[in-house]
Colleague: 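My questions will all concern the structure given below.
Protein chains get the first letters and strands the later ones, always in sequence-line order, with residue 1 at the start of each.
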Number of protein chains: 2
Amino acid sequence: MRQDDSIGFIINQAGRRLSQLLAIRFAAFDLTTEQWSVLSRLCEQDGTSQKDLAVRVGKDQTNITRILDQLERKKLAERRTNPDDRRSFYAFVTDAGRDLQGRLVPIEQEVLASVTEEITEQQATILKELLIRLTNKTNELLQHYE
Amino acid sequence: MRQDDSIGFIINQAGRRLSQLLAIRFAAFDLTTEQWSVLSRLCEQDGTSQKDLAVRVGKDQTNITRILDQLERKKLAERRTNPDDRRSFYAFVTDAGRDLQGRLVPIEQEVLASVTEEITEQQATILKELLIRLTNKTNELLQHYE
DNA sequence: TCAATATAATTGCTATAGCATTTATATGTG
DNA sequence: CACATATAAATGCTATAGCAATTATATTGA
């Protein structure tokens with residue numbers, strides 16, 4: 001099988017390109033797409049522990065630590081101590097963070113709309129569903145190595 | 001829209017997870033999935049310039065330089081000077097590289113087969129086709145910023 | 001021909017992914 | 001209670017992504 005036909009290659013290629021396009025649009029706001037993914041999640045669900053945030057965003061806890069560092073440096077999010085467990089922190093979005101997120105939402109939507117222009121809404125739904133099934137299966141297989 | 005529903009999030013998540021699973025299986029061979037992607041491409045098409053290789057693998061030329069450095073260090077590939085243009089190099093896979101690739105192919109195929117176990121072959125084809133269409137459109141949009 | 005421009009590859013930089021280890025704090029068991 | 005074990009977060013490490021700048025060499029145009 002040629003590499004171009006490998007589902008692994010195709011998925012990663014699609015993801016990288018999409019991130020690249022989004023990154024160009026986000027550059028003016030000095031925010032990376034990964035910082036954006038954490039910021040959005042915080043806007044949806046404020047005050048979760050870093051561990052919990054990692055699971056929800058689907059990132060390693062190490063990466064969450066570092067992305068939160070960046071968001072905190074930019075005053076878009078902040079850590080607050082957990083009085084019940086001094087090992088853990090709760091992450092919160094700041095007013096500036098929520099404000100920025102509000103300005104980025106329409107840009108993300110515009111980008112996503114433009115890249116899916118050549119496929120129908122129904123196809124987009126199918127695409128998402130198939131990817132989610134594949135990811136679930138992959139997660140299941142990954143668990144065998146934990 | 002919740003982040004979980006964002007096509008961008010879903011694609012990137014799928015790609016990362018798949019790479020992670022493949023990485024676990026490749027670890028015993030001391031090869032990363034990205035090194036693998038370059039090595040496979042070289043096996044398909046030996047003796048291309050780095051610039052050309054970058055386009056084919058869908059990576060930045062900078063990354064090709066560095067991944068080739070790794071492959072060369074591991075004696076899996078080598079650069080040869082281009083007599084017609086002393087700025088450029090041709091990249092070649094070594095015997096050891098071709099040998100390793102041959103041993104990894106069945107592993108990659110097994111992993112891809114296992115992650116697509118929950119979907120039909122027809123669905124896998126649809127999935128790939130939709131992703132390719134999305135990537136093509138994204139590439140087209142990216143060109144506007146070049 | 002020679003000077004301006006373009007190009008192939010490299011290098012330096014920041015951010016991210018993921019692993020192993022460390023640190024601080026909790027928890028659970030004798 | 002004391003000690004072993006578990007857990008949350010941080011840190012150190014290597015590899016990768018991508019941008020900007022550099023270096024060496026080609027090409028182009030006056």
Colleague: Would you say A/Ser49 reaches D/dA8's phosphate, i.e. side-chain N/O to OP1/OP2 under 4.0 Å?
Modeller: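 It does not, given that no N or O in the side chain of A/Ser49 lies less than 4.0 Å from OP1 or OP2 of D/dA8.
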
Colleague: Any residue in residues 33-43 of chain A with a heavy atom nearer than 4.0 angstrom to DNA chain D? Just list them by number, or reply none.
Modeller: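 Of all residues in residues 33-43 of chain A, none places a heavy atom under 4.0 Å from DNA chain D.
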
Colleague: Could you walk me through whether A/Ser49 and A/Asn82 pass the side-chain hydrogen bond (donor to acceptor under 3.5 Å, both in side chains) check?
Modeller: CA-CA 8 Å; A/Ser49 71; A/Asn82 173 352; over 6 Å; no

Colleague: Can you give one letter per nucleotide of nucleotides 20-29 of chain D, going 5' to 3': B for a protein heavy atom under 4.0 Å from the base, S for sugar-phosphate only, - for none?
Modeller: B---BBS---

Colleague: Would you classify B/Ile64 as touching base, sugar-phosphate or nothing, given that sugar-phosphate means primed atoms plus P, OP1 and OP2, and contacts are heavy atoms under 4.0 Å?
Modeller: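 Nothing, no heavy atom under 4.0 Å.
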
Colleague: What is the first contacted nucleotide of DNA chain C and what is the last, in 5' to 3' order, if contact means an atom lying under 4.0 angstrom from a heavy atom of chain A?
Modeller: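 Nucleotide range with atoms under 4.0 Å of chain A: C/dA15 to C/dA26.
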
Colleague: Hey, does the side chain of B/Gln61 come within less than 4.0 Å of D/dG18's phosphate (OP1/OP2), counting only N and O?
Modeller: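 Answer no for this pair, as no side-chain N or O of B/Gln61 is under 4.0 Å from OP1 or OP2.
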
Colleague: Touch check for B/Arg17, heavy atoms < 4.0 angstrom, all strands: base, sugar-phosphate only, or nothing?
Modeller: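 If one applies the 4.0 Å heavy-atom cut-off, B/Arg17 turns out to touch nothing in the nucleic acid.
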
Colleague: I'd like to know if B/Arg73 and B/Asp69 make a salt bridge, using a cut-off of under 4.0 Å between side-chain N and carboxylate O.
Modeller: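 Salt bridge absent between B/Arg73 and B/Asp69.
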
Colleague: For A/Thr32, report the nucleic acid contact type (base, sugar-phosphate, nothing); a contact means any heavy atom under 4.0 Å.
Modeller: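 If one applies the 4.0 Å heavy-atom cut-off, A/Thr32 turns out to touch the sugar-phosphate alone, with no base involved.
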
Colleague: Over all strands shown, is B/Arg66 touching base, sugar-phosphate only, or nothing at heavy-atom distances under 4.0 angstrom?
Modeller: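 Since a base atom lies under 4.0 Å of B/Arg66, the category is base.
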
Colleague: Using 4.0 Å as the upper bound for N to carboxylate O, is an ion pair formed by A/Arg41 and A/Asp46?
Modeller: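 Between A/Arg41 and A/Asp46 there is no salt bridge, as every charged N stays at least 4.0 Å from the carboxylate O atoms.
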
Colleague: For A/Arg73 and B/Gln20, find the nucleotide of DNA chain C closest to each by heavy atoms; which residue's nucleotide sits nearer the 5' end?
Modeller: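 This one resolves to A/Arg73.
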
